[in-house]
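To keep things clear, I will list the structure first and then write my remarks on it.
In this text, all values refer to a predicted model and were calculated from it rather than measured experimentally.
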Amino acid sequence: MALTKTILLVEDNPNDELMIKVALKDNKINYDVVVAHDGVEALDYLFRTGPYKERDKDIMPQLILLDINIPKISGLEVLRKIRENTPTRFIPVIILTASKEEKDLMYAYKLGANSFLEKSVDFKVFYESVKQMGIYWLGYNATP
Amino acid sequence: MSKNKIIFLIEDNPDDELLTIQALNDNNIINEVIVAHDGVEALDYLFGSGKYKDRDINITPQVILLDLKLPKIDGLEVLKRIRTNALTKLLPVVILTSSTEEQDLIKGYSLGANSYIRKPVDFEQFTQAIKQLGLYWLVLNELPYSNKI
């Protein structure tokens, strides 16, 4: 594994993207945050296709933050592909979404999401949950 | 924090059990902690058999903290049974172990563990890890209300 520490953020909402980046940075979580704005871009990045076909194959994200309602390919479909493929199957995937739909929750866990967080509309609450999420998954959780 | 979110701790080492409960209490995590001391007791609790045969098995824990090296049935086998039973298949399982073996890590995730925490040897660090773990899984993480799809 290369030295670069990366988080893949799959998020189509620019406000949420900014908030998440700020919350991570403020809490000294100094990872490169790669942003994919739809499902196709997320898979292109992970599996080195399309605009990412030249990217360094040794760099894989330590954490994937995945929105469900994203354009082109849905978050749940992206999750399925992550879990089906060897290079990505053990990367922690945290679903970060505004809709706490019961069906989404169940399918996310069934497809192998590690955790499911609701984006709060309250800025402070959302900021705090991103902070705690970063501390837990990057500071304490172990991966192969 | 909701009081009726149960933490299910599967741990055979009494020192670690005490430390874990102490660390949760010290951090105002006052949720009920149910402890099973071996794999058989763990499955009895989850599936309502043995001494737990009269328990309402629809009351499921918010998070399961699972040690790997357990008497009678080991932790990975317990995890396998959790993931193959409709009642428990979607419950968050955090492996909490002193094992440093890469194989345990790989097998744990392959069998569907949500997270894997190596128990820090240092007391302060252990307490801190339990605090973060408690906050994360009891306050932040969302679970489905039912297991039926």
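Heavy atoms of other residues, nucleotides or ligands lying less than 6.0 angstrom from NZ of K131(B) number 12 at most. The number of heavy-atom neighbours closer than 6.0 Å to NZ of K69(B), taken from other residues, nucleotides and ligands shown, is above 12.
Put simply, the side chain of N141(B) gets close to the backbone of F116(A): a donor and an acceptor are under 3.5 Å apart.
In this structure, E142(B) CD and E102(A) CD are separated by 10.5 Å, a value rounded to the nearest 0.5 Å. In this structure, Q132(B) CD and N141(A) CG are separated by 12.5 Å, a value rounded to the nearest 0.5 Å. Rounded to the nearest 0.5 angstrom, Y136(A) OH and L140(B) CG are separated by 11.5 Å. If you take CE on M133(A) and CG on L135(B), they are separated by 14.5 Å, rounding to the nearest 0.5 Å. The structure places NZ of K89(B) at 11.0 Å from CE of M106(A), a figure rounded to the nearest 0.5 Å.
Here Y136(B) is the residue among Y136(B), W137(B), Y109(B) with the most heavy-atom pairs under 4.5 Å with chain A. For the set I135(A), N114(A), I94(A), L117(A), the entry with the most heavy-atom pairs within less than 4.5 Å of chain B is N114(A).
Neither the backbone nor the side chain of A108(A) comes within less than 4.5 Å of any heavy atom in chain B. Both the backbone and the side chain of Q128(B) come within less than 4.5 Å of a heavy atom in chain A. Neither the backbone nor the side chain of S120(A) has a heavy atom closer than 4.5 Å to any heavy atom of chain B. For R89(A), the part lying under 4.5 angstrom from a heavy atom of chain B is the side chain only. Of the two parts of V93(B), neither the backbone nor the side chain holds a non-hydrogen atom closer than 4.5 Å to a non-hydrogen atom of chain A.
Using a 4.5 Å heavy-atom cutoff, the side chains of P144(B) and K103(A) are not in contact. Counting only heavy atoms from C-beta outward, the side chains of L143(B) and Y109(A) approach each other to under 4.5 Å. Using a 4.5 Å heavy-atom cutoff, the side chains of I106(B) and F90(A) are in contact.
Looking at Y140(A) and S115(B), their side chains never bring a donor and an acceptor atom within 3.5 Å of each other.
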